[in-house]
Amino acid sequence: MVSRFDLAGKTFGSRLIIGTGKYRSFDEMKAAHRASGAEMVTVAVNRVPLDRKTESFLDHLDPAMQILPNTAGCYDAEHAIRTARLAREALETDWIKLEVIGDPVTLLPDNEQTLEAARVLVKEGFIVLPYFSDDLIMAKKLLDAGCPAVMPLAAPIGSGMGVQNPSNLRIMREQLPDATIIVDAGVGVPSDAAIAMELGADAILMNTAIAEAGDAEQMATAMKLAVEAGRLAYLSGRMPKRLYASASSPIAGAIK
């Protein structure tokens, strides 16, 4: 199946991973999640009451979904490691989306601090999915550290600019044919998602593009279809680009 996605010993029926932030209501979030078909949802550990004493989106998640805590808001490896440990204890999962930010304005990741944290967390038994810049060499280092997948950005978080460096993602796919690559951050519209998948991404994580849409539920449906279409297109193999026209109907044997 086009949608079938294996990661860290688990099989998911969707290649779309969804977020929980920025929705206007819990009902809107739940409707978008259902429409997306996603089976994994990311949760910002630093922005939610893990003790469950007050209502939060945690109380409105489909229990069948795989929770993927993330270390959003961490600016060094030490903070990210502490946050991951807290998430494992509070949410009872070894899965963690590792996010170490290097700049508060662009929210671009600090790749070196991310790698440092990844090495520690992998040794502690975490399933580490690291968010990082679209850098092939860093991807190799993160995979060598034991991460089961890498999550290069398409564009800055929440920017909606789409894939800014398609060549980087294409090279990453070609040079790491057996790696699981999940594009994270920057998707704005379904065509962005389709392009990322056409470049060979195994999955896409998105939040703002759906949550800030005028109709989040409808956009979630569109993103679901775009991810599936992009994956199918990648598997099908695109036609070559040509500088000149090529007739759709061959003239050999045509009536003269």
Side-chain angles (χ1 to χ4, degrees), residues 2-3 5 7 12-24 28-29 31-44 65-66 68 70 72 97-99 101 103 105-109 114 129-135 139 149-173 179-235 238:
V2 173
S3 298
F5 176 47
L7 179 61
F12 299 92
S14 170
R15 292 176 181 271
L16 176 58
I17 304 170
I18 202 164
T20 50
K22 300 184 178 180
Y23 287 98
R24 289 162 286 248
E28 181 182 56
M29 181 192 76
H33 284 188
R34 285 193 299 269
S36 74
E39 297 179 354
M40 191 186 311
V41 59
T42 187
V43 172
M65 298 181 83
Q66 169 70 52
L68 178 62
N70 71 62
K97 177 196 167 187
L98 179 60
E99 188 175 314
I101 299 302
D103 178 70
V105 176
T106 64
L107 300 182
L108 290 172
T114 299
L129 307 181
Y131 163 71
F132 70 113
S133 298
D134 51 351
D135 180 282
V150 288
M151 304 181 76
L153 56 76
I157 293 172
S159 68
M161 293 194 296
V163 179
Q164 294 298 290
N165 296 301
S167 296
N168 286 5
L169 295 181
R170 182 179 290 114
I171 290 170
M172 197 177 296
R173 177 74 288 165
T180 297
I181 300 174
I182 303 171
V183 169
D184 179 19
V187 168
V189 290
S191 57
D192 298 332
I195 288 171
M197 296 302 293
E198 289 167 12
L199 290 169
D202 294 286
I204 297 181
L205 189 155
M206 67 179 74
N207 180 73
T208 306
I210 294 175
E212 289 192 353
D215 186 324
E217 182 178 5
Q218 194 163 275
M219 183 61 80
T221 300
M223 290 297 188
K224 172 187 176 181
L225 296 173
V227 168
E228 292 175 355
R231 178 63 178 176
L232 187 58
Y234 172 73
L235 295 176
R238 66 157 291 141

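The analysis underlying the following values was restricted to heavy atoms, covering all of them including side chains, and did not include hydrogens, waters or symmetry mates.
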Checklist entry - Atom CG of Leu232 and atom CD of Glu198: how far apart are they, to the nearest 0.5 Å? => result 10.5 Å

Item to check | Side-chain donor or acceptor of Thr42 paired with backbone N/O of Gly19 under 3.5 Å | outcome: no

Checklist entry - What pair of heavy atoms forms the shortest contact from Thr208 to Gly158, and how long is it? => result OG1-CA, 3.8 Å

Next on the checklist: Tell me whether the count of non-hydrogen atoms from other residues, nucleotides or ligands lying under 6.0 Å of CD in Gln164 goes above 12.
Outcome noted: yes

Next on the checklist: Any heavy-atom pair between the side chains of Arg173 and Leu199 that's under 4.5 Å?
Outcome noted: no

Item to check | side chain to side chain contact (heavy atoms under 4.5 Å, CB included) between Leu153 and Leu108, worked out | outcome: CA-CA 9 Å; Leu153 56 76; Leu108 290 172; 3.8 Å; yes

Checklist entry - If every non-hydrogen atom of Gly186 is compared with every non-hydrogen atom of Ser159, which pair is closest and at what distance? => result CA-OG, 4.0 Å

Item to check | Backbone N/O of Ser167 and side chain of Asn165: donor-acceptor pair under 3.5 Å | outcome: no

Next on the checklist: Using modelled atom types and a 3.5 Å cut-off, is there a donor and acceptor pairing between side-chain atoms of Ser14 and backbone atoms of Leu16?
Outcome noted: yes

Checklist entry - Does the side chain of Met219 come within less than 4.5 Å of Pro190's, by heavy atoms? => result yes

Item to check | For the student: nearest non-hydrogen atoms of Ile182 and Leu205, plus distance | outcome: CG2-N, 4.1 Å

Next on the checklist: Let's go through Val187 and Met223 carefully: what are the C-alpha distance in whole Å and the side-chain angles of both, what is the deciding distance for side chain to side chain contact (heavy atoms under 4.5 Å, CB included) to 0.1 Å, and is it a yes or a no?
Outcome noted: CA-CA 10 Å; Val187 168; Met223 290 297 188; 3.9 Å; yes

Item to check | Test item: Ile181 and Pro152 side chains (from C-beta on) under 4.5 Å apart, heavy atoms | outcome: yes

Checklist outcome for this item: Taking every heavy atom of Ser133 against every heavy atom of Pro109, the minimum-distance pair comes out as N-CG, 3.4 Å

Next on the checklist: Quick check: closest heavy atoms across Val183 and Ala201, and the distance to 0.1 Å?
Outcome noted: CG2-CB, 3.7 Å

Checklist entry - Checking side chain to side chain contact (heavy atoms under 4.5 Å, CB included) for the pair Met40/Leu7: CA distance, chi angles, key distance, verdict? => result CA-CA 11 Å; Met40 191 186 311; Leu7 179 61; 4.1 Å; yes

Item to check | Side-chain heavy atoms of Met151 within contact of Leu98, under 4.5 Å | outcome: no

Next on the checklist: Main chain of Asn168, side chain of Asp134: is a donor-acceptor contact present, judged purely on distance under 3.5 Å?
Outcome noted: no

Item to check | Candidate pair Arg231 and Phe5, rule side chain to side chain contact (heavy atoms under 4.5 Å, CB included), full reasoning | outcome: CA-CA 11 Å; Arg231 178 63 178 176; Phe5 176 47; over 6 Å; no

Next on the checklist: With no hydrogens and no angle check, just 3.5 Å: does a side-chain donor-acceptor pair link Thr180 and Asp202?
Outcome noted: no

Next on the checklist: Less than 4.5 Å apart, side chain to side chain, heavy atoms only: is that true for Ile157 and Glu99?
Outcome noted: yes

Checklist entry - How about Ile210 and Tyr23: do any of their side-chain heavy atoms sit closer than 4.5 Å? => result yes

Checklist entry - Minimum heavy-atom separation for Arg24 to Gly214, with atom names? => result NH2-O, 3.7 Å

Item to check | Side chains of Asp192 and Met206 in contact at under 4.5 Å (non-hydrogen atoms) | outcome: no

